[in-house]
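Every chain is numbered from 1 and lettered A, B, ... according to where its sequence line falls, protein lines coming before strand lines. Just so you know, these numbers use all the heavy atoms, side chains as well, and skip hydrogens, waters and symmetry mates.
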Amino acid sequence: MGEVRTRFAPSPTGFMHIGNLRTALYEYLIARSQGGKFILRIEDTDQERYVEGAMDVVYDTLKATGISYDEGPGVGGDYGPYIQSERRGIYMEYARQLIEKGAAYYCFCTKERLDSLRESEGASFTYDRHCLSLTKEEVERNLAEGKPFVIRQKVPREGRTTFTDVVYGDITVDNDTLDDQILIKSDGMPTYNFANVVDDHLMKITHVVRGNEYLSSTPKYNILYQSFGWDIPVYIHLPSIMKDAHNKLSKRNGDASFQDLVKKGYLPEAILNYIALLGWSPGGTREFYTLKELEEDFTIEGLNKSPSIFDTEKLKWMNAEYIRKLSPEDFTALARPYIEEALGNSACDIGKISALIQQRTEILTDIPDKISFFRELPEYSSEIYCHKKMKTDREISLRALKLTRDLILRNDELEHEWTSPKLYEAFCLLASENEMKNSQILWPVRTALSGREVSPGGATELAEILGRGETMKRIEAGISKLEKELEG
RNA sequence: GGCUCCUUGGUCAAGCGGCUAAGACACCGCCCUCUCACGGCGGAAACACGGGUUCGAUUCCCGUAGGAGUCACCA
C-alpha cells in the first residue's frame, strides 16, 4: 500500500458551507492520520456558475481552520495544474481514448431533442443512444461541419455493477438504470463526473471522499475506471448534514456558512471541533479536540452513515467552552471590538468588563447587548426592584438606596479604595447594621446601577467599573425614580 | 415514479449476540451564589414496526413504514 492521497475538490460557486468544510476536514484527516498527502483541486468546469472571489473564500477558510494542503493552487505539486479550467486539454485527450476503445461516443443531439425526449419519458429518462448508431463517416462529416457535439460514456446495458464503499459497504446496481452520461460538454469542458475521474487518477488520489449524494453516480465512475484500465480508488461517502429532519443544510436557504458563523462570533476552532463530531465519533466520550489531536485520533471506522442535524445549541455550548478556556488576554483581544462597540466613548475599563463577561459569553456577538448599560443607564421599570426571593420591593429598595448613598458619602475610605471587595464588605456591614438582608441592599443597588433584571456581575462589581461618580449618579436616579412612584 | 441509501431519547451519539442501553447538548428540579452565568448534584427522555435466525436480539437476515439522495451539457 502506497502513500495515502486525498483531495478536497470544491467548485468555486459561492460560499463555503459547513458540509463542504466538514468534507475537507475529513479528507484532510484521512490523509494526515495515515501520514499521507492532502491536495486541493479547484473544480471550475462550469463557467456559468463561476462566482468572483469564491476561490478566495476557499483559501481563506482552509487557512482560518488550519487545514493545510500539500499540493494545490499557490503551493504547486507534481501533478498540477490544480485548477481544472487550466487542464481542459487533458480531458479531451482522455475522452478520445475512450472513443477509440469503444467506451464513449460523439453525440450531436440538440438540447431541444433531449428536452422533448425527457418530457415524453418522464422521470425515468435515459438517453436513447440515438447517436451511438452513427457511422464513422457520419460522425466525421458532422465534426467537419463544425456541428456542436458532446461526448457520452457508453454504459453497458447488461449486467450489474458493484462497488465497495468503506462506510456504506457493497452497493450494486443494474447497469440498465445508468444513463450514458456526458463526459465532455459542447463547450469543450468536461463534466464534473469525468474531470473527477481523470484528475483523481492523474493526481494519484487513493481515497475518494465526498458527500453521499454521489453514491448513485459512483457505478458510472467504476465503469469509467475499468474502461481506462485504471485502479479503482477507495470510496468513502459521507452522510449529509441536515438543517432539520427533512432539509439539508444549504447556502441557498441562507443556512450557516463558515464565514457567517465566524461573523456571528463563533471561534474557528470551536466550529471545526463541532463539525468533526457531526458524522464521526472517536468511540468514547471525548468531545474536545484540536485539529492536531484529530489528526492523531481520527479513524475511518468512526465515520457514521446516517445523516445528522446541525444543532446550533450544541455549537453554542461548545463555543462557550472554548471562550471560557481562553486566557484573559486572548479573550480581551477577541472581545475588544464588541466591547468598544457597546461602550462608545464611556470611560469604563475594558479589561475589567472583559473579565466580567468571559464566563458569560457564548458567542462574541452577544457581548454588546450584555454590557450596553455601562455606557448609559437604560430606561427601566421600577417593577424590577421587586424581587420575592431577594426579599425586596420598592419601599425597601428606596430605603436601601438612601442608606447606600449616605454610606458612600460619609465613608472616605471607600473614596480611596473604590473596589468591589471593599464595597461588598461595606454594603454587607451596612445591611447588618440596619437589620437588613445582604440581598436587600445588593439587589436594589445592582438594579439602580444596571437598570436590568440581570446583569453580568453583581452590585459591587458594577460599581467598581462604573466608578464612584457614576455610581452615585445612578443611585440618585434610582432614588428619585422610586420616590416619584411611591408618592404617586 | 425507478434505483440507491438511512432509521438508538428533542439533538449529537456509544454499542459491533447476553449491558439496569454510556456520555454530551437542550430541558426540569435542587445546591452554590451580591442578579445572571459558571460550577456541583439529581431527574425526565431512545433501540420505528412485523416476521424470521439463535438458548438469547438494539446488534444478523427478510419485509413494512418513514425519511433522504439520485435520475442535468451542476457539481
Side-chain angles (χ1 to χ4, degrees), chain A residues 9-11 13 43-46 48-49 107 109 111 114-115 118 122-126 148-152 165 168-169 171-174 176-179 181-187 189-193 195-196 210-219 237 239-240 242 244-248 274 277-287 301-302 304-318 320 324 356-362 370 384 387 389-390 420 423-424 427-428 431 438-439 441-443 445-447 450 452-463:
Chain A
S11 51
T13 56
E43 309 221 330
D44 59 345
T45 54
D46 184 2
E48 282 174 31
R49 291 216 300 171
C107 171
C109 289
K111 223 167 176 145
L114 261 20
D115 285 345
R118 217 184 312 274
S124 60
F125 170 81
T126 51
F149 68 89
V150 301
I151 296 176
R152 285 182 184 272
D165 180 87
Y168 290 97
I171 294 174
T172 303
V173 300
D174 289 329
D176 64 10
T177 64
L178 271 21
D179 195 15
Q181 66 174 341
I182 290 174
L183 269 18
I184 300 286
K185 300 185 266 191
S186 56
D187 65 359
M189 281 291 216
T191 56
Y192 165 85
N193 294 303
N196 219 255
R210 71 226 306 198
N212 72 2
E213 63 267 27
Y214 295 108
L215 226 33
S216 47
S217 52
T218 302
H237 287 89
S240 37
M242 312 289 286
D244 54 48
H246 304 292
N247 304 291
K248 292 213 310 183
Y274 175 70
L277 264 21
L278 255 195
W280 175 79
S281 164
T285 58
R286 180 170 173 189
E287 294 201 286
E301 293 70 43
N304 226 103
K305 46 173 74 166
S306 43
S308 45
I309 296 173
F310 185 85
D311 183 6
T312 311
E313 286 304 316
K314 183 137 189 181
L315 205 213
K316 245 189 199 163
W317 164 79
M318 185 163 272
R324 286 184 205 113
L356 219 49
I357 59 176
Q358 181 167 5
Q359 296 298 107
R360 296 171 168 89
T361 301
E362 287 190 301
K370 267 191 179 51
I384 61 178
H387 196 294
K389 224 178 134 195
M390 297 300 116
S420 178
L423 287 162
Y424 186 68
F427 288 179
C428 290
N438 289 347
S439 64
I441 296 288
L442 296 166
W443 176 269
V445 172
R446 195 197 59 76
T447 302
S450 65
R452 299 267 190 100
E453 281 184 273
V454 301
S455 63
T460 67
E461 292 164 306
L462 300 188

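- A 4.5 Å side-chain heavy-atom check between Pro190(A) and Asn196(A) finds every atom pair outside the cut-off.
- Of all nucleotides listed (rC73(B), rC34(B), rA75(B)), rC73(B) comes nearest to the side chain of Val150(A).
- Thr177(A) contributes no side-chain N or O that forms a donor-acceptor pair with the base of rC3(B) under 3.5 Å.
- Using P as the reference atom, rA57(B) and rA48(B) are 16 Å apart when rounded to the nearest Å.
- Nucleotides of RNA chain B nearest to Thr460(A) and Pro10(A) differ in position, and the one nearer the 5' end is that of Thr460(A).
- Gly457(A) comes within 4.0 angstrom of a nucleotide base, judged by non-hydrogen atoms across all strands.
- rA13(B) and rA26(B) have their C1' atoms separated by 14 Å, with the value rounded to a whole Å.
- Atom-to-atom, OH of Tyr192(A) to C1' of rA75(B) comes out at 7 Å; the value is rounded to the nearest Å.
- Pairing of rG1(B), defined by two Watson-Crick or G-U wobble distances under 3.5 Å, is identified with rC71(B).
- A 3.5 Å limit on both hydrogen-bonding distances identifies no Watson-Crick or G-U partner for rA14(B).
- Atom CZ in Phe310(A) sits roughly 13 Å away from atom C1' in rC25(B) (whole-Å rounding).
- Side-chain nitrogen and oxygen atoms of Lys111(A) include none within less than 4.0 Å of the OP1 or OP2 phosphate oxygen of rA72(B).
- Using cut-offs of 30° and 60° for the angle between ring planes, the Phe310(A) and Tyr274(A) rings count as perpendicular.
- In this structure, of rU35(B), rC25(B), rC34(B), it is rU35(B) that holds the atom nearest to the side chain of Trp443(A).
- A heavy-atom distance below 4.5 Å is found between the side chains of His237(A) and Arg210(A).
- Tyr214(A) comes within contact range of at least one nucleobase, with a heavy-atom separation under 4.0 Å.
- Inter-residue side-chain proximity for Ile182(A) and Asn193(A) is flagged as unmet; no heavy-atom pair is nearer than 4.5 Å.
- Ala9(A) comes within 4.0 angstrom of no nucleic acid atom, judged by non-hydrogen atoms across all strands.
- Checking Ser216(A) against Gly283(A), the closest nucleotide of RNA chain B that is more toward the 5' end is the one next to Gly283(A).
- For the pair Glu362(A) CD and rA37(B) C1', the computed distance is 9 Å after rounding to whole Å.
- Separating the P atom of rC12(B) from that of rC47(B) is a span of 16 Å, rounded to the nearest Å.
- At least one donor-acceptor pair under 3.5 Å links the side chain of Ser450(A) to the backbone N or O of Arg452(A).
- Distance, Arg446(A) CZ to rU33(B) P: 17 Å, rounded to whole Å.
- Contacts of Asn438(A) with the nucleic acid, taken as non-hydrogen atoms under 4.0 Å apart, are absent.
- Residue contacts for Arg324(A): at a heavy-atom cut-off of 4.0 Å it reaches the sugar-phosphate backbone alone, with no base atom in range.
- In this structure, CD1 of Ile309(A) is placed 14 Å from P of rU7(B), rounded to the nearest angstrom.
- For Arg118(A), a side-chain nitrogen or oxygen approaches OP1 or OP2 of rA72(B) to under 4.0 Å.
- Pairing for rA65(B) is with rU7(B), a Watson-Crick or G-U wobble pair whose two hydrogen-bonding atom distances lie under 3.5 Å.
- Nucleotides rC60(B) and rG15(B) are separated by 15 Å at their C1' atoms, to the nearest Å.
- Pairing partner, rC19(B): none, since no Watson-Crick or wobble contact has both distances short of 3.5 Å.
- Considering only side-chain N and O atoms, Ser308(A) lies under 4.0 angstrom from the phosphate OP1 or OP2 of rA13(B).
- Taking only side-chain nitrogens and oxygens, Lys314(A) never comes nearer than 4.0 Å to OP1 or OP2 of rG10(B).
- Residue contacts for Thr361(A): at a heavy-atom cut-off of 4.0 Å it reaches no nucleic acid atom on any strand shown.
- Taking a pair to require two hydrogen-bonding distances under 3.5 Å in either a Watson-Crick or a G-U wobble arrangement, rU33(B) remains unpaired.
- The pairing partner recorded for rA44(B) is none, the criterion being a Watson-Crick or G-U wobble arrangement whose two distances lie under 3.5 angstrom.
- Among rA14(B), rC6(B), rC34(B), the nucleotide with an atom closest to any side-chain atom of Asn304(A) is rA14(B).
- Comparing atom distances between the Lys248(A) side chain and each of rC73(B), rU4(B), rG69(B) picks out rG69(B) as nearest.
- Using a 4.0 Å heavy-atom criterion, one finds that Pro307(A) contacts the sugar-phosphate atoms exclusively.
- Rounded to an integer number of Å, the gap from CE of Met242(A) to P of rC5(B) is 18 Å.
- Residue Thr447(A) has no polar side-chain atom (N or O) positioned under 4.0 Å from OP1 or OP2 of rU35(B).
- Contact check for Leu462(A) versus Val445(A): no side-chain heavy atoms found under the 4.5 Å cut-off.
- Arg446(A) approaches Ser455(A) most closely through the heavy-atom pair NH1-OG, 2.8 Å.
- Here the side chain of Tyr168(A) is nearest to one of rA75(B), rC12(B), rC6(B), namely rC6(B).
- Closest to the side chain of Leu114(A), out of rA75(B), rC73(B), rU35(B), is rC73(B).
- Among rA13(B), rC34(B), rC38(B), the nucleotide with an atom closest to any side-chain atom of Ser281(A) is rA13(B).
- On the P atoms, rC61(B) is 44 Å away from rG29(B), given to the nearest whole Å.
- Comparing the C1' positions of rG18(B) and rG51(B) gives a spacing of 22 Å, expressed to the nearest Å.
- Using a 4.0 Å heavy-atom distance criterion, Ser450(A) is classed as making no nucleic acid contact.
- For Trp317(A), taking side-chain heavy atoms from C-beta onward, the closest of the listed nucleotides rC25(B), rC74(B), rC38(B) is rC25(B).
- In this structure, Ser455(A) reaches the bases: a heavy-atom distance under 4.0 Å links it to at least one base atom across the strands shown.
- Here, rA21(B) and rG69(B) have their C1' atoms 31 Å apart, quoted to the whole Å.
- Remark: P of rA14(B) and CD of Glu301(A) are 13 Å apart, rounded to the nearest angstrom.
- The phosphate of rU35(B) has neither OP1 nor OP2 within less than 4.0 Å of any side-chain N or O from His387(A).
- At a threshold of 4.0 Å, the pair Asp46(A)-Arg49(A) counts as salt-bridged, since one of the basic side-chain nitrogens sits closer than that to a carboxylate oxygen.
- When the C1' atom is compared between rA46(B) and rA14(B), the two are found 13 Å apart, to the nearest whole Å.
- When heavy atoms are screened at a 4.0 angstrom cut-off, His237(A) is found touching no nucleic acid atom at all.
- You'll find that the side chain of Ala459(A) is closest to rC34(B), out of rC3(B), rC34(B), rC6(B).
- Here the side chain of Asp187(A) pairs a donor or acceptor atom with the backbone of Met189(A) at under 3.5 angstrom.
- In the set rC6(B), rC73(B), rC5(B), the nucleotide with an atom closest to the side chain of Ile182(A) is rC73(B).
- Closest heavy-atom contact between Leu356(A) and Pro456(A): CD2-O, 3.5 Å.
- With rounding to whole Å, Gln359(A) atom CD is found 6 Å from rC38(B) atom C1'.
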